[in-house]
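Taking it in order: structure first as structure tokens, then the write-up.
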Amino acid sequence: MTLASRQPLELPVDGRQSETALAVARGAARLLHAHGFCVVSELPLPSGRRADLVALDGGGELWIVEVKSSVADFRADQKWQDYRAHCDRLFFATTLEVPCEIFPPDTGLIVADAFGAQFVCEAPQHKLPAATRKAMMLLFARAAALRLQSLADPNGPYGDVG
């Protein structure tokens, strides 16, 4: 098989996100990558919640980015407060059309579209305890490895790769 004949690997879309939310997540992930982070989307957390984006840098710092595609989306979902226990910094990512004033001042803010993003406000740092950091890094690594393997072998015995 030549490189030219290989089909690109694609992650399956789970159908829960709107087109706007997917675009914001893509742009935010690009921004995080540009700042040296690796990103895993839709990561199940030990609390039972699922984080939209979890970012890990080379020094082990963990950020969670909660995507909000509209004012109604933000007002309807207050579970984001539970994410603080699983990250060093907590951000929201949204579109240019959503007013920045609705987001809590003790979180960071990213404005994004499908092609990129920018930081509007930095998030304050809340350092994780060592045991929590280790647990989150293991979750992150396992999810990334399982997703990669399931792309290479979609009919393999991987179950829900989180």
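Qualifying side chain to side chain donor-acceptor pair (under 3.5 Å) partners for Arg133, counting only residues two or more places apart in sequence or in other chains: Asp88. With sequence neighbours excluded, the residues satisfying side chain to side chain donor-acceptor pair (under 3.5 Å) with Asp77 are Lys68, Lys79. Remark: Ala85 pairs with no residue by the side chain to side chain contact (heavy atoms under 4.5 Å, CB included) rule, at least two apart or across chains. Partners of Ser47 by side chain to side chain donor-acceptor pair (under 3.5 Å), not counting sequence neighbours, listed by chain and number: His86. Under the side chain to side chain donor-acceptor pair (under 3.5 Å) criterion, Gln81 pairs with no residue at all, not counting sequence neighbours. Under the salt bridge (Lys or Arg N to Asp or Glu O under 4.0 Å) criterion, Arg49 pairs with Asp82, not counting sequence neighbours. In this structure, Phe140 has no ring pair (Phe, Tyr, Trp, His ring centres under 6.0 Å) partners at least two apart in sequence or on a different chain.
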Distance-only criterion, 3.5 Å: show the donor-acceptor pairs between side-chain atoms of residues 100-116 and protein atoms not counting sequence neighbours.
{"residue": "Asp106", "atom": "OD1", "partner": "Arg84", "partner atom": "NH2", "Å": "3.3"}
{"residue": "Asp106", "atom": "OD2", "partner": "Arg84", "partner atom": "NH2", "Å": "2.8"}
{"residue": "Thr107", "atom": "OG1", "partner": "Pro104", "partner atom": "O", "Å": "2.8"}
{"residue": "Asp113", "atom": "OD1", "partner": "Phe115", "partner atom": "N", "Å": "2.8"}
{"residue": "Asp113", "atom": "OD1", "partner": "Gly116", "partner atom": "N", "Å": "3.1"}

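More than 12 heavy atoms of other shown residues, nucleotides or ligands fall within 6.0 angstrom of atom CD in Gln78.
Counting only residues at least two apart or on different chains, no salt bridge (Lys or Arg N to Asp or Glu O under 4.0 Å) pair has a member in residues 21-32. Legend: salt bridge (Lys or Arg N to Asp or Glu O under 4.0 Å) pairs involving residues 53-64, not counting sequence neighbours, sorted by first then second residue: Glu61-Arg89. Listed by first and then second residue, the salt bridge (Lys or Arg N to Asp or Glu O under 4.0 Å) pairs that reach into residues 90-99 come to none, sequence neighbours excluded.
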Yes or no on side-chain contact (heavy atoms from CB on, under 4.5 Å) for Ile64 and Leu45, after CA distance, side-chain angles and deciding distance?
-> CA-CA 11 Å; Ile64 291 180; Leu45 301 173; 4.2 Å; yes
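Residue Val67 belongs to a hydrophobic cluster whose other members are Val24, with links defined by side-chain heavy atoms closer than 4.5 Å.
Although no hydrogens or angles enter the test, the distance criterion places no donor-acceptor pair under 3.5 Å between the side chain of Asp153 and the main chain of Gln149.
Aromatic ring orientation, Phe92 versus Phe74: perpendicular (interplanar angle above 60°, classes split at 30° and 60°). Phe91 and Trp63 have tilted rings, their planes meeting at an angle from 30° to 60° on a 0 to 90° scale.
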